[in-house]
Amino acid sequence: MDGEIVLADDHTLVLKYCTQQLLPIWERWTDGNQTMRRALEAAALGPEHHKDQLNSLTDAAFLLFRSASQPHAAAPLYSAIAVIYALQDYPLHVVIEAGLQAITMNATAEEELEYRLDRANGCS
């Protein structure tokens with residue numbers, strides 16, 4: 001019974017990590033696409049509730065794969081991969097590893113965007 005409690009706590013922790021760390025990255029670079037949010041909300045209700053949303057998130061991630069060489073596409077792609085892992089009950093460290101890739105790509109995309117904005121505004 002204690003093992004079941006730990007698993008429930010791990011699942012809750014994984015969903016919290018995804019919602020707090022990865023969802024903002026997804027929404028930032030997908031112009032507010034709600035696919036990941038819906039998948040996480042359904043996952044919070046239990047595994048039997050998120051199958052359709054998991055499929056939708058997988059489809060959306062596949063579309064990002066085409067542009068994954070660009071940080072602004074890689075960041076949400078890695079976020080989606082991490083959430084897909086979470087929804088399929090991968091271990092926390094696997095979810096976090098993919099999440100760290102998303103966080104790294106997000107930082108790179110932000111730097112590139114800032115650089116482009118500075119250049120557009122005539123700053124060096």
Side-chain angles (χ1 to χ4, degrees):
M1 179 128 173
D2 288 338
E4 291 177 28
I5 293 170
V6 171
L7 289 176
D9 289 344
D10 284 349
H11 183 69
T12 301
L13 180 63
V14 168
L15 292 179
K16 187 173 184 175
Y17 170 77
C18 291
T19 301
Q20 291 180 350
Q21 299 295 318
L22 304 177
L23 180 59
I25 293 170
W26 170 267
E27 290 180 337
R28 166 74 169 104
W29 300 109
T30 62
D31 295 327
N33 182 299
Q34 295 293 302
T35 304
M36 183 180 289
R37 180 176 297 279
R38 285 191 293 266
L40 289 167
E41 288 170 352
L45 300 175
E48 65 279 0
H49 296 283
H50 66 66
K51 183 179 179 188
D52 290 339
Q53 287 77 17
L54 175 61
N55 291 337
S56 294
L57 182 57
T58 302
D59 291 344
F62 183 75
L63 294 175
L64 291 168
F65 184 75
R66 296 178 187 167
S67 304
S69 63
Q70 301 296 318
H72 69 276
L77 174 61
Y78 281 114
S79 292
I81 290 169
V83 170
I84 290 165
Y85 288 164
L87 297 180
Q88 294 181 334
D89 294 323
Y90 278 64
L92 178 59
H93 75 276
V94 174
V95 175
I96 289 175
E97 187 174 319
L100 289 175
Q101 290 295 322
I103 291 166
T104 300
M105 288 294 101
N106 181 60
T108 301
E110 290 288 355
E111 288 172 5
E112 285 186 4
L113 180 59
E114 186 176 328
Y115 174 76
R116 288 180 182 166
L117 290 173
D118 285 349
R119 285 184 53 116
N121 291 325
C123 300
S124 299

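Along the sequence shown, residues carry numbers from 1.
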Practice problem: Rounded to the nearest 0.5 Å, what's the gap from CE on M36 to OG1 on T30? Could you check? | Solution: 7.5 Å
Exercise. Measure up the H72 and W29 rings against each other and bin them: parallel (under 30°), tilted (30 to 60°), perpendicular (over 60°).
Key: tilted
Quiz item: In Å, rounded to the nearest 0.5 Å, how long is the span from CG of L54 to CG of L40?
Solution: 10.5 Å
Self-check item: Approximate separation, where rounding is to 0.5 Å, of E111 CD and N106 CG
Solution: 10.0 Å
Quiz item: With a 4.5 Å limit on heavy-atom distance, are the side chains of R38 and S56 in contact?
Solution: no
Practice problem: Output yes when a side-chain donor or acceptor of W26 lies under 3.5 Å from a complementary backbone atom of N33, and no otherwise. | Solution: yes
Exercise. Measure across A75 and A102 and return the closest heavy-atom pair with its distance rounded to 0.1 Å.
Key: O-CB, 3.5 Å
Quiz prompt | Interatomic spacing from CG in L22 to CG in L100 - rounded to 0.5 Å | solution = 9.0 Å
Self-check item: Residue that, paired with S79, satisfies side-chain contact (heavy atoms from CB on, under 4.5 Å) out of I25, L64, I84
Solution: I25
Self-check item: Rounded distance [0.5 Å steps], CE in M105 versus CD in Q70
Solution: 11.0 Å
Quiz item: Rounded to the nearest 0.5 Å, how far does CG of L63 lie from OG1 of T58?
Solution: 11.0 Å
Quiz item: Do L87 and L15 have side-chain heavy atoms sitting under 4.5 Å apart?
Solution: yes
Practice problem: Could you check if a side-chain atom of I96 sits within less than 4.5 angstrom of a side-chain atom of Q21, using non-hydrogen atoms only? | Solution: no
Quiz item: Checking Q34 side chain against G32 main chain: does a donor-acceptor pair fall under 3.5 Å?
Solution: yes
